[in-house]
Amino acid sequence: MTTFARGTDTLTRDVLTVLQPGFTGTSAPTWLLRRLGEGLASVGLFGRNIASPEQLAALTAQLRAEREDVLVAIDEEGGDVTRLEVRTGSSFPGNHALGAVDDVELTRAVARELGRRLAECGVNFNWAPSADVNSNPDNPVIGVRSFGAATDLVARHTAAYVTGLQSAGVAACTKHFPGHGDTAVDSHQALPRIDVDAEVVRARELAPFRAAIAAGTKAVMSAHILVPALDPDRPGTLSRPVLTDLLRGELGYEGLIVTDGMEMRAIADTYGIRRGSVLAIAAGADAICVGGGLADDETIRGLRDALVAAVRSGELPEERLADAAQRVRALARWTAGAARTGADAGPADPEVGLHAARRALRVTVRDAFTPLTAPPYVAVFTPVANIAVGVETPWGVAAELTRLLPGTATGSFTGEDAGRAALAAAGDRRVVAVVRDEHRHPWMAAALDTLLAARPDTVVVEMGLPQAPPRGALHLATHGAARVCGRAAAEAIAGTEAVAGP
């Protein structure tokens, strides 16, 4: 049964409605349940909140026992960014693998199956897909989270993903508006800046968002990036020219606008999360995402008090707040109806992710390659993980090769001596070298140089952006580091699965 605002005035209820907090633990804390009773309408889930599908279903049921129409949001992109399978790796390849295949029906089917699994667990709002055009190959935070570097490709797959996800009854949240692809800075760490003409932004960055809007995306997430051609003073999340004039006005978007995480340093270190949240709602955002890092009641109290004070001082028009809260409630109503129709979206397709990963695999053979029959040594050259991906999720091919070739050994290496250390650890075994974005890490390229000079029969598996030239006796580009991508590569190395073309 829905519980409404026990003893809460309309202003405070509206303020709580626009917040999307997170929390710690695998069951809802008392403070969160109390806030749901006072008007809180959304909750964000992260990997720390999920132990199993059964536990997640129990958690969402606990939330709905307090507020029936609660929006339960998650950052489940599939691929490298997974929360459902944070400790095992995803059953779905990410966007870059889907873009490499370039079959929009496959993308739609993958998104539908991912949405079906979310809905089965009681999650009805997904902060995905990424519609960023990864035009800068040195981008440290988007990379394989993007469908690719070609605007048209990204646009058609973004639309297919939105359609597939929402057909399962889960609201899509297309991100990161107005486009995070041409950045060399991670907005988790600092404020990125894109210095291109407005015409370039409109032709390149905005095209996938136009496609998502045409496909009916229920939400759009703003980016903490400064685009001087659109607004020289404030990042997108805090910019009225970006959110109201461009997204609402020029693009005609009527759905929910949600911010990226407000505790990200691009906002927290420049404006602070309280001031930033006031500015975001005033600029046109409807929901404040917070909870990836700050996940306690003190944070919610501080944001509530800052927003209430801004309305009472006249800095934030009460009508703007009321409009934002109404958009949140409208999405909640949509999810209630979509949950019923999404159940009829079609049968489960549990193998679609693996099928897609196999199709995304790109194989370069130097000479004739004979599949491995003896257990190899897997040398993983490990870069620093970006914060969106995190460090909890395993990646690579060692686990899958161990399943196919019992006795496979593995080690992780980094830094200037990585190549020599890997050679010493491998001994006489055949070496499988696993890299992630070799082109962005000089030490990684040097490690491969050392390894291949001594052992030219080394197999190389690139699980990031395949920008560096293929090398090794066998070079495999998986276009992502999801568990199924690792399985597809392992199958090719061991010769247990015929490699499909695009």
Side-chain donor-acceptor pair under 3.5 Å between [X] and [Y], yes or no?
X    : Y    : value
N95  : S146 : no
S130 : E77  : no
T82  : E76  : yes

message: Can you tell me how the ring of F125 sits relative to the ring of W127, calling it parallel under 30°, perpendicular over 60° and tilted otherwise?
response: perpendicular

field: Mutual orientation of the aromatic rings belonging to F413 and F381 [parallel < 30°, tilted 30-60°, perpendicular > 60°]
entry: tilted

task: Tell me, please, which residues at least two apart from R420 pass side chain to side chain contact (heavy atoms under 4.5 Å, CB included).
output: D417, T450

Closer than 3.5 angstrom, by distance alone: can the side chain of [X] be matched with the main-chain N or O of [Y] as a donor-acceptor pair?
X    : Y    : value
H176 : D260 : no
N126 : A172 : no
D103 : L106 : yes
Q62  : A28  : yes

statement: Residue pairs passing the salt bridge (charged side-chain N to carboxylate O under 4.0 Å, His left out) test with at least one member in residues 149-173, sequence neighbours excluded, are D102-R156

message: I need the single residue from S90, S91, P394 that forms a side chain to side chain contact (heavy atoms under 4.5 Å, CB included) with R483. Which is it?
response: S91

message: For E392, is the CD atom crowded, meaning more than 12 foreign heavy atoms sit under 6.0 Å from it?
response: yes

query: By salt bridge (Lys or Arg N to Asp or Glu O under 4.0 Å), which residues pair with R366, not counting sequence neighbours?
result: none

Close side-chain approach of [X] to [Y], heavy-atom, < 4.5 Å:
X    : Y    : value
T26  : N49  : no
L247 : V242 : no
D349 : H355 : no

message: Quick check: closest heavy atoms across L98 and A356, and the distance to 0.1 Å?
response: CD2-CB, 4.0 Å

